[in-house]
Amino acid sequence: MMFNRLIFGLCAGLLSVSSLVWGYADPGACSGDCWAHDPALIRRSSDGTYFRFNTGSEIGIWKSSALTGPWVYEGAVLPNGSSIDLAGNTDCWAPDVHLVGSTYILYYAVSTSGSQTSAIGYATSTTMEYGSWTDHGTTGISSTSAKPYNAIDPNLIESGTSYYMTFGSFWDDIYQAPMNSGATAVAGSSYQIAYNASGTHSLEGSFMYYRSGYYYLFFSSGICCGYDTSKPATGSEYKIFVCRSASVSGPFVDAAGKNCVSGGGGTLVLASHDYVYGPGGQGVMADPTYGTVLYYHYANTNIGLADSEYQFGWNTIGWSSGWPTV
Ligand SMILES: *[C@@H]1O[C@H](CO)[C@@H](O)[C@H](O)[C@H]1NC(C)=O
Ligand SMILES: *[C@@H]1O[C@H](CO)[C@@H](O)[C@H](O)[C@H]1NC(C)=O
């Protein structure tokens, strides 16, 4: 890892980024209850307590005083499910949590596996503690088979004084819509920002992170789940890609300059390695101790491949080339 970085630093001017083969560092430490699925990670601004939320578990809440743990399960955000009247509303997915003003907003998706009948809802809390969350139902972003996208996997980003929701999974992949000033309701029509025309168009779980003049669009691509019962062909399991743009709405390109809509671009950030299998469902957080951190779930081949065995992983991101490496 250090060796690769050193070589890169010396040769960056001579080699194209895409020609380099990166080694991946093992995930950082995790103790306590480290199960994860599409994790959302955030530090509470008042006291620095870490909160981690997961798909399933009615959006479970895990708490820790440090990124490395020990993580303790507290209870569910939506113990009675979502008020959105769609199938799947008692098994919400893909939490995404942000502090907007003085309120924490947790976005979630209601859908069922393989269905385009979906909606993005939200709940609010001022502390993120168990029992403090209020469900508000839909943001107005939803889909049916009449739409080119599937309205799941929400991710909010603030750009200047405006908010945008990025979302999508399969079909025509990743879309984005402007949100209102409170970041609670959609305020304009949706447009496509990333697409892979080949295979099953498996982009999903997007997460946007702003750094030094660029919006980095991370996404997962490949088969996410069910590895214990149906192991994907080698290389077709989940992995994490990135594209970037100087504008929140694109156009996004990868490190080789390939357009991430028309060219199917995407630079690989993290794929299976060593005991790590099928990493994805990622997010990025600026951590005061570890720097910018990529966090994700993965199957640990020493533990098991079932969804119920997925582990919380994180790595510090290196940015020396302007593109994230772990
Ligand atoms: C869930 O439903 C139970 C039973 O109706 C109720 O007592 C409880 O307050 C509800 N919890 C939330 C968070 O709405
Ligand atoms: C695009 O899809 C192909 C075929 O499934 C896959 O091999 C490739 O990794 C995908 N690329 C991205 C950036 O999603």
Side-chain angles (χ1 to χ4, degrees), residues 17-18 21-22 24 53 57-61 73-85 89-92 95 104-106 108 110 121-137 149-150 153 166 168-175 192-208 216-225 231-245 250-273 277-282 294 296 323-325:
V17 172
S18 57
V21 176
W22 297 95
Y24 301 118
F53 304 85
S57 59
E58 304 302 353
I59 310 288
I61 306 165
Y73 174 69
E74 299 286 321
V77 171
L78 301 169
N80 299 333
S82 164
S83 62
I84 295 174
D85 188 16
N89 67 359
T90 56
D91 181 23
C92 299
Y104 292 94
I105 305 184
L106 181 147
Y108 60 82
V110 175
Y122 74 104
T124 56
S125 164
T126 52
T127 62
M128 297 192 279
E129 297 288 345
Y130 170 64
S132 73
W133 290 95
T134 304
D135 180 36
H136 300 277
Y149 49 76
N150 190 7
D153 294 358
T166 302
S169 166
F170 287 77
W171 282 275
D172 286 355
D173 290 329
I174 308 301
Y175 276 68
Q192 189 183 43
I193 61 168
Y195 180 59
N196 185 348
S198 29
T200 54
H201 319 170
S202 66
L203 275 53
E204 60 180 4
S206 63
F207 190 100
M208 209 179 276
Y216 289 85
L217 176 66
F218 293 81
F219 56 85
S220 304
S221 183
I223 297 168
C224 71
C225 309
K231 200 165 180 204
T234 302
S236 58
E237 74 276 15
Y238 241 20
K239 45 183 103 58
I240 300 170
F241 292 89
V242 71
C243 296
R244 78 177 187 191
S245 174
F252 288 88
V253 296
D254 69 12
K258 228 196 262 180
N259 185 286
C260 295
V261 173
S262 58
T267 295
L268 194 58
V269 178
L270 181 63
S272 300
H273 67 97
Y277 184 77
Q282 76 295 322
L294 177 75
Y296 50 90
W323 287 89
T325 59

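We use all heavy atoms of the structure for the numbers below, so side chains are in, but hydrogens, waters and symmetry mates are not. Both ligands and their constituent atoms are indexed starting at 1 by order of listing.
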Within a distance under 4.0 Å of any heavy atom of [X], pick out the atoms of ligand 2 and give their elements.
X	result
L203	14 (O)
S198	1 (C), 2 (O), 3 (C)
S221	14 (O)

Where is the tightest heavy-atom contact between [X] and [Y], given as atom of each residue plus distance?
X	Y	answer
S221	F241	CB-CE1, 3.6 Å
G266	C260	N-SG, 4.0 Å
C92	L78	SG-CD1, 3.8 Å

Exam field: side chain [X] to backbone [Y], donor-acceptor pair closer than 3.5 Å:
X	Y	answer
S220	G281	yes
S202	G222	yes
N89	I84	yes

>> Would you call the rings of H201 and Y195 parallel, tilted or perpendicular, taking 30° and 60° as the class edges?
In response: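 The rings of H201 and Y195 stand perpendicular, inter-plane angle above 60°.
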> Within less than 4.0 angstrom of ligand 2, does G265 place any heavy atom?
Replying inline: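 For ligand 2, residue contact (heavy atoms, under 4.0 Å) with G265 is present.
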>> One residue to check: T200. Relative to ligand 2, which of side chain, backbone, both or neither has a non-hydrogen atom less than 4.0 Å away?
In response: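 The answer is neither.
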> Heavy atoms under 4.0 Å from ligand 1: which residues qualify?
Replying inline: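 Only P79, N80 have heavy atoms that fall under 4.0 Å of ligand 1, ordered by chain and number.
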>> Could you check whether K231 makes a cation-pi contact with Y277, meaning its NZ or CZ is under 6.0 Å from the centre of the six-membered ring and within 45° of the ring axis?
In response: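 So K231 does make the cation-pi contact.
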